[in-house]
Amino acid sequence: MHTQFNTSSVKGGNTGSCSNLTNYLDKEQQNEWFNDKENGIKTNEVQKEIDRYGKGQLSKEDWKFVEVEYNPSQAEQQQIIYQATGRNDVKDWQQLSPQEKAKVKEEFANYVREAQDIQAKNYGRDNIQSGADLKYYGKVETQRRYKGTDKEVKQGNAKQGDLKQGLNLHAHIIQSRKAMDKKTKLAPTSKHKKRTSKNVIQQGFNRNEFYNKIEAKFDQKFNFNRDIKQTFEWKKANKLNRLETKQKLEQKAEKTHSQKRNELIAKSNNRPITHLQEIRQRDIEKERQQAQELKQEKKQDRGMGYGR
C-alpha cells in the first residue's frame with residue numbers, strides 16, 4: 001500500500017483555498033466525497049469546510065491542508081476485488097459490473113477510513129484518537145492517465161492524457177492542517193520527535209510506524225497473504241541496500257510460514273469428525289462387520305462339509 005502525504009506539491013498550492021484541488025479531483029466523478037461517517041458529500045461543502053478550518057492560528061504562508069494518497073498495488077487491488085465480489089479473474093476495471101464496482105469502492109473506502117483511524121492514533125495525542133478527530137474528506141478513483149514523464153509516453157506507446165488500462169484503484173484525501181477541534185495543529189510530514197520532560201506533547205509523526213500499521217490492517221481486513229518482498233520494511237531495506245536486514249526479514253517470514261503450516265497440519269490431523277464423516281465411518285464399520293460375519297459363516301460351512 002503505497003501511501004504519501006503531499007504538502008508542497010498539491011495542485012494549486014495549499015496555503016490558500018483548496019478549490020483547485022477539489023475541482024481537479026472531480027474529474028472522474030463529481031460530488032462523491034466521504035468522511036469518517038458520511039458518503040455522497042458535495043464538492044462545494046468539502047471546499048467550504050476545509051477553507052473554513054484554514055482560517056485562524058495559521059499565517060498566510062502556512063500550509064492549510066494536506067493531500068493524502070492511498071495507492072494499493074495490483075495484487076492488493078485484486079484481493080480487494082476478490083473479497084468484495086468473490087472474483088479472482090479481474091485484471092481490468094471494466095470487467096466488473098456496476099454493482100460489483102460499487103461494492104469494491106465501498107470496501108476500499110471503508111479501509112481508507114480505518115487507515116485514517118490509524119493515522120489519528122499515530123500522532124500520540126490524547127485528544128486525537130480516531131479519524132473522527134481529523135477534519136478530512138476522501139474520494140475513491142479508478143482511473144489514471146499517462147503523464148509526459150511515463151516510460152510508455154517517452155517510448156511512443158501511449159499519449160499523454162490517455163487512460164491507463166488495467167486496475168487503477170486509489171484514494172485521495174484532503175485533510176485540514178487543524179484537527180476537528182479547530183485548535184490542534186497536525187503535521188504528518190514533520191519528523192518524529194519523542195516526548196521528553198520538556199516537551200510533554202509529542203510533536204511530529206512516525207511515518208514508518210504508520211506505513212507498517214496500515215499494511216498490517218490491510219492484510220488482516222482483506223485476508224491478504226503478503227509476500228515478504230512486498231512489505232514496506234523489505235522494500236525500504238532493499239532501497240537502502242541493507243542486505244542483512246533483508247535476510248533477517250526473509251528468515252523471520254520463512255519461520256512464521258513454517259509455524260503456520262505446521263499448525264494447519266496439526267489441525268487437519270485432529271479436526272473433529274463431521275456428521276457426514278460419522279455416517280460414512282458407521283457404513284465402513286458395518287461393511288467390515290458383515291464381511292467378517294460372512295467369512296465366519298464360510299469357515300463354519302467348510303467345517304461341516306458344505307461347500308466342498
Side-chain angles (χ1 to χ4, degrees), residues 1-10 14-18 21-22 25 33-39 41 45-59 61-72 108-140 170-221 232-233:
M1 178 65 63
H2 177 65
T3 305
Q4 59 188 36
F5 298 90
N6 300 320
T7 54
S8 59
S9 60
V10 173
N14 65 346
T15 58
S17 173
C18 69
L21 182 57
T22 55
L25 293 178
W33 298 83
F34 65 88
N35 58 16
D36 63 293
K37 56 182 177 297
E38 293 181 273
N39 293 311
I41 302 172
E45 180 180 349
V46 174
Q47 178 189 332
K48 181 181 70 175
E49 286 297 296
I50 294 295
D51 288 354
R52 183 168 69 88
Y53 268 68
K55 297 177 181 178
Q57 295 182 301
L58 297 171
S59 70
E61 293 77 23
D62 287 337
W63 60 268
K64 311 299 190 298
F65 58 91
V66 63
E67 180 189 16
V68 191
E69 291 184 41
Y70 292 97
N71 304 290
F108 184 45
N110 286 335
Y111 165 75
V112 171
R113 286 185 172 106
E114 293 182 70
Q116 288 291 102
D117 289 338
I118 293 171
Q119 183 200 150
K121 290 182 180 180
N122 204 52
Y123 288 104
R125 307 288 187 91
D126 292 338
N127 62 325
I128 309 297
Q129 291 296 309
S130 73
D133 297 316
L134 305 177
K135 184 69 173 179
Y136 78 87
Y137 297 93
K139 175 172 274 199
V140 171
H170 61 286
H172 291 272
I173 297 286
I174 299 180
Q175 182 173 305
S176 171
R177 173 78 175 270
K178 289 189 289 186
M180 187 63 78
D181 62 9
K182 297 183 182 180
K183 298 177 181 179
T184 307
K185 290 185 286 186
L186 303 171
T189 56
S190 67
K191 294 182 178 180
H192 174 61
K193 296 179 182 178
K194 295 182 179 179
R195 296 180 182 181
T196 64
S197 56
K198 294 182 180 180
N199 182 24
V200 295
I201 297 179
Q202 175 179 303
Q203 302 291 330
F205 187 82
N206 188 331
R207 290 193 293 278
N208 287 349
E209 184 177 303
F210 171 68
Y211 298 147
N212 282 320
K213 286 182 177 179
I214 64 170
E215 184 177 275
K217 170 57 69 175
F218 184 95
D219 296 350
Q220 178 267 325
K221 182 178 180 64
F232 168 74
E233 287 296 340

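Excluded from the calculations below are hydrogen atoms, water molecules and symmetry mates; all remaining heavy atoms, backbone and side chain alike, are included. This is a predicted model, so every value here is computed, not measured.
- For the atom pair CD of Q119 and CG of D133, the computed distance is 11.5 Å after rounding to the nearest 0.5 Å.
- Among all heavy-atom pairs drawn from E38 and R113, the shortest one is O-NH2, 3.1 Å.
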Evaluate V68 against H172 for side-chain contact (heavy atoms from CB on, under 4.5 Å), listing each step before the verdict.
CA-CA 6 Å; V68 191; H172 291 272; over 6 Å; no

Apply the test side-chain contact (heavy atoms from CB on, under 4.5 Å) to residues E49 and Y53: give CA-CA distance (whole Å), side-chain angles for both, the deciding distance (0.1 Å), then the verdict.
CA-CA 6 Å; E49 286 297 296; Y53 268 68; 4.2 Å; yes

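- Scored by the ring pair (Phe, Tyr, Trp, His ring centres under 6.0 Å) test, F218 finds Y111, F222, F224 as partners (sequence neighbours excluded).
- Between K213 and I118, the shortest heavy-atom distance links the atoms CB-CG2, 3.7 Å.
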Between K55 and K182, does the side-chain contact (heavy atoms from CB on, under 4.5 Å) criterion hold? Intermediate values first, please.
CA-CA 9 Å; K55 297 177 181 178; K182 297 183 182 180; over 6 Å; no

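- Across V140 and A109, no two heavy atoms sit closer than the pair CG2-CB, 4.1 Å.
- Here the CE atom belonging to M180 is positioned 9.0 Å from the OH atom belonging to Y136, to the nearest 0.5 angstrom.
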Trace of the side chain to side chain donor-acceptor pair (under 3.5 Å) decision for S130 with D36:
CA-CA 9 Å; S130 73; D36 63 293; over 6 Å; no

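- Evaluation of the side chain to side chain contact (heavy atoms under 4.5 Å, CB included) rule for A216 yields no partner, not counting sequence neighbours.
- Scanning both residues, A115 and I214, for their nearest heavy atoms gives CB-CG2, 3.9 Å.
- Residues meeting the side chain to side chain contact (heavy atoms under 4.5 Å, CB included) test with N71, sequence neighbours left out: H2, E69, R144, H170.
- Distance OG1/T3 to CD/E215: 9.5 Å, rounded to 0.5 Å.
- Among all heavy-atom pairs drawn from P188 and F205, the shortest one is O-CD2, 3.5 Å.
- Counting heavy atoms from C-beta on, the side chains of T184 and Y123 never come closer than 4.5 Å.
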Decide yes or no on side-chain contact (heavy atoms from CB on, under 4.5 Å) for L25 and Y137, but give the supporting numbers first.
CA-CA 11 Å; L25 293 178; Y137 297 93; over 6 Å; no

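- Relative orientation of the F210 and F5 rings is tilted, given thresholds of 30° and 60° on the angle between their planes.
- Across every non-hydrogen atom of Q47 and S17, the tightest pair is NE2-OG, 3.9 Å.
- No more than 12 heavy atoms of other residues, nucleotides or ligands sit less than 6.0 Å from atom NZ of K48.
- Rounded to the nearest 0.5 Å, atoms CG (N6) and CH2 (W63) are 11.0 Å apart.
- Annotation: the span from K178 atom NZ to L58 atom CG amounts to 5.5 Å, rounded to 0.5 Å.
- Rounded to the nearest 0.5 angstrom, D51 CG and F65 CZ are separated by 7.5 Å.
- Not a single donor-acceptor pair under 3.5 Å links the side chain of R177 to the backbone N or O of A187.
- When atom types are taken as modelled, the side chain of K217 and the backbone of E114 share no donor-acceptor pair closer than 3.5 angstrom.
- A distance-only check finds no donor-acceptor pair linking the side chain of N14 to the backbone of V66 [under 3.5 Å].
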